[in-house]
Amino acid sequence: MKDKKTSDNRLYKIFIYVALCTLAISIIVPVLWVFMASIKENSEFYGNPWTLPAGFYWQNFVNAWNTAKMGEYMINSVLVTVLALVILLVVALPAAYCLSRFWFKGRRFLNTAFMAGLFINVNYIVVPIFLMLRDGDTFLKNTLGTTFLLNNLVVLALVYAATALPFTIYLLTGYFATLPHDFEEAAYIDGAGYGETMVKIIFPMAQPSIVTIILFNFLSFWNEYIISMTLMSSSTGSRTLPVGLLNLMQAQQSAAQYGTMYAGLVLVMLPTLILYVCVQKKLIEGMTAGGLKG
């Protein structure tokens with residue numbers, strides 16, 4: 001009986017290892033292929049696509065950065081992503097703290113409203129958002145003679161932050177609720193206020209969960225395409241990196257400049273890979289701690 005159980009456990013472990021290795025290979029191989037293709041000369045794409053590059057042709061990155069304006073698009077994406085994250089954290093952290101640590105009238109309604117927001121697909125409300133901003137621009141043009149809401153990176157960051165609020169507040173509220181009250185009570189006895197206790201006690205204790213939501217929302221904002229394409233449609237100089245990448249792919253495919261196209265893909269992927277490597281430990285801590293405490 002014991003030998004059978006040991007054999008079943010061994011087979012189960014082998015199955016898990018095979019599944020994980022297969023999944024890892026299916027993810028790693030395409031990424032490595034893109035990096036390899038980004039340093040090939042254009043003539044090398046007409047032979048075997050799996051052959052190693054003859055050398056490092058860095059001109060692809062120069063062409064993608066300068067000629068295809070990927071550098072300008074990347075700066076726009078960095079500005080929008082950072083601003084959206086700052087706005088999101090400034091609003092979501094105090095809101096989640098209040099909803100998780102205090103009892104007040106309307107608390108249950110607010111929790112229900114934020115949970116309901118989780119079921120709203122942002123892609124389905126892009127058109128209403130666009131129409132609202134367009135009508136606002138029409139009003140501003142008739143009143144002040146200028147427009148402000150569409151083709152504006154700050155407004156785009158506000159929309160990103162607003163659409164990410166339900167998920168972020170829901171996640172932080174659940175984590176904050178698991179933290180012990182002892183440290184807060186000690187801080188109140190020492191004369192600390194609610195704001196000071198929140199910043200100096202709760203936020204450091206919740207650092208893994210904060211890092212987790214920063215990474216998730218960074219990936220969401222950085223790779224977002226539909227909202228950016230809709231709200232920034234009339235301004236080429238304010239486009240973000242995913243929109244610029246699609247334009248680059250369409251242009252380079254017709255021009256048969258495949259190396260430049262893959263270099264643009266690398267420019268999009270590289271920041272997310274670097275960020276994940278830097279915060280991988282904190283991310284795992286936040287996910288496992290939340291699972292254990294919940």
Side-chain angles (χ1 to χ4, degrees), residues 64-93 95 113-114 116-171 213-253 261 264-265 267-272 275:
W65 186 268
N66 296 325
T67 309
K69 297 184 179 180
M70 295 299 288
E72 181 180 346
Y73 298 148
M74 178 173 282
I75 292 174
N76 292 338
S77 283
V78 169
L79 291 175
V80 169
T81 303
V82 171
L83 183 58
L85 285 174
V86 170
I87 296 171
L88 180 63
L89 292 176
V90 168
V91 175
L93 287 174
F114 283 120
L118 295 172
F119 299 96
I120 300 176
N121 192 324
V122 179
N123 296 331
Y124 297 155
I125 61 174
V126 173
V127 174
I129 292 174
F130 170 77
L131 294 176
M132 288 168 51
L133 296 178
R134 188 198 62 180
D135 292 343
D137 265 350
T138 303
F139 173 77
L140 290 175
K141 188 172 183 179
N142 295 334
T143 307
L144 304 176
T146 184
T147 59
F148 175 79
L149 299 176
L150 290 176
N151 304 305
N152 189 316
L153 294 176
V154 177
V155 175
L156 180 62
L158 283 170
V159 173
Y160 281 174
T163 55
L165 272 177
F167 168 76
T168 304
I169 291 179
Y170 174 76
L171 187 66
I213 63 108
I214 288 176
L215 179 61
F216 283 163
N217 285 303
F218 174 87
L219 295 175
S220 175
F221 299 157
W222 185 264
N223 296 317
E224 202 286 319
Y225 171 78
I226 295 178
I227 298 177
S228 177
M229 183 64 184
T230 305
L231 302 187
M232 316 296 290
S233 57
S234 303
S235 177
T236 23
S238 299
R239 288 177 178 171
T240 55
L241 200 53
V243 180
L245 176 63
L246 182 65
N247 295 336
L248 171 65
M249 293 176 65
Q250 293 173 345
Q252 299 306 325
Q253 280 179 347
M261 181 179 67
L265 288 171
L267 291 176
V268 175
M269 292 191 302
L270 204 55
T272 57
L275 180 65

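Of all non-hydrogen atoms in Leu267 and Ala64, the two that sit nearest each other are CD1-CB, 4.2 Å. Between Thr230 and Val126, the shortest heavy-atom contact is OG1-CG1, 3.4 Å. Considering every non-hydrogen atom in both Ala84 and Ala161, the closest pair reads O-CB, 3.6 Å. Considering all non-hydrogen atoms of both residues, Phe130 and Leu231 come closest at CA-CD2, 4.0 Å. The minimum heavy-atom distance linking Asn76 with Arg239 is given by the pair ND2-O, 3.0 Å. Residue Pro166 comes nearest to Gly117 through the heavy atom pair CB-C, 3.8 Å, listed as atom of the first residue, atom of the second, then distance.
Taking CG of Leu118 as the reference point, atom OG1 of Thr168 lies at 9.5 Å (rounded to 0.5 Å). Note that CG of Leu150 is 4.5 Å distant from CG of Asp137, once rounded to the nearest 0.5 Å. For the atom pair CD1 of Ile227 and CD1 of Ile129, the computed distance is 6.0 Å after rounding to the nearest 0.5 Å. A distance of 13.0 Å separates OG1 in Thr81 from CD1 in Ile214, rounded to the nearest 0.5 Å. Between the CD1 atom in Ile75 and the CD atom in Glu72 there is a gap of 7.5 Å [rounded to 0.5 Å]. Rounded to the nearest 0.5 Å, atoms OG1 (Thr272) and CH2 (Trp222) are 8.5 Å apart.
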For this session: May I have the step-by-step check of side chain to side chain contact (heavy atoms under 4.5 Å, CB included) for Asn152 and Thr147, ending in yes or no?
Result: CA-CA 10 Å; Asn152 189 316; Thr147 59; over 6 Å; no
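Counting heavy atoms from C-beta on, the side chains of Leu140 and Thr146 never come closer than 4.5 Å. Put simply, the side chain of Leu156 reaches to within 4.5 Å of the side chain of Met232, judged on heavy atoms.
Of the possible polar contacts, one joining the Thr138 side chain to the Arg134 backbone as a donor-acceptor pair under 3.5 Å is found. Side-chain atoms of Glu224 come within 3.5 Å of backbone atoms of Ile226 as a donor-acceptor pair (strictly under, hydrogens ignored).
Of the options Leu241, Val80, Thr240, a side-chain contact (heavy atoms from CB on, under 4.5 Å) to Ser228 is made by Thr240 and by none of the others.
The ring-ring contact (aromatic ring centres under 6.0 Å, His included) contacts involving residues 136-171 comprise Tyr160-Phe221, where partners must be two or more places apart or lie in separate chains.
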